[in-house]
Amino acid sequence: IVGARMLDAPAAPAPADAGRPTFAPADTDPRITLELAPAARWVIETYPVEAVEVADDGAVRVTMAVSSLGFLESLLVRLGPDASVVEAPPELRDAGANAARRALARYG
């Protein structure tokens, strides 16, 4: 911080939804279903999901829209073994594994 100054009036609080980007999937965006380990339940709170099913063992199945391959690759690589693709269009089924292989090849 280079400088600061005191204002005469208090600042108004930010709206509750300020700073959170809104994602509105298109009807044509593909949907995927992931099975998440209990350690990956943060996905439900972080990304918009369309359906959630909780299993007795704590695993969670979520269905979500995917508007970009890059987003899905990043998410799956970040989740690693805590997520598996249960249902997806064929072109998205191996997105995480393909992204991980490309990353590893850069270090080879």
Side-chain angles (χ1 to χ4, degrees):
I1 298 174
V2 176
R5 66 182 172 93
M6 184 68 78
L7 299 176
D8 293 331
D17 62 350
R20 272 196 102 173
T22 310
F23 172 69
D27 291 340
T28 56
D29 286 338
R31 272 42 179 188
I32 61 162
T33 301
L34 302 175
E35 184 162 298
L36 306 172
R41 290 180 72 132
W42 59 265
V43 170
I44 299 167
E45 299 162 2
T46 307
Y47 299 106
V49 296
E50 296 178 351
V52 177
E53 295 176 44
V54 181
D56 292 336
D57 64 356
V60 179
R61 278 191 180 198
V62 297
T63 300
M64 60 194 311
V66 176
S67 62
S68 91
L69 177 60
F71 162 76
L72 180 59
E73 289 176 336
S74 176
L75 178 63
L76 292 173
V77 168
R78 182 176 179 191
L79 289 168
D82 287 335
S84 59
V85 177
V86 176
E87 292 179 33
E91 66 275 11
L92 299 178
R93 187 166 303 278
D94 297 320
N98 292 340
R101 277 192 286 279
R102 285 194 317 272
L104 286 172
R106 291 182 182 135
Y107 294 98

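- What you find for Glu50 and Pro25 is that their closest heavy atoms are OE2-CG, 3.8 Å.
- Here the side chains of Asn98 and Arg101 are in contact, with some heavy-atom distance below 4.5 Å.
- In this structure the side chain of Met64 reaches within 4.5 angstrom of the side chain of Phe71, judged on heavy atoms.
- Arg93 and Glu87 get closest at one heavy-atom pair: NH1-CA, 4.3 Å.
- When each of Val86, Leu76, Leu75, Val66 is paired with Ile32, the side-chain contact (heavy atoms from CB on, under 4.5 Å) condition holds for Val66 and for no other.
- Leu72 CG to Glu91 CD: the interatomic distance, rounded to the nearest 0.5 Å, is 10.5 Å.
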### Message
What verdict does the side-chain contact (heavy atoms from CB on, under 4.5 Å) test give for Val62 and Ile44, after you've listed the backbone C-alpha separation in whole Å, the side-chain angles of each residue and the deciding distance to 0.1 Å?
### Response
CA-CA 8 Å; Val62 297; Ile44 299 167; 3.8 Å; yes

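- In terms of hydrophobic clustering, with Ile, Leu, Val, Met, Phe, Trp and Tyr side chains grouped at heavy-atom distances under 4.5 Å, Val77 and Leu79 are assigned to different clusters.
- In this structure the side chain of Asp82 never reaches within 4.5 angstrom of the side chain of Leu36, judged on heavy atoms.
- Contact record, Arg31 with Pro89: O-CD, 3.5 Å, taken as the closest heavy-atom pair.
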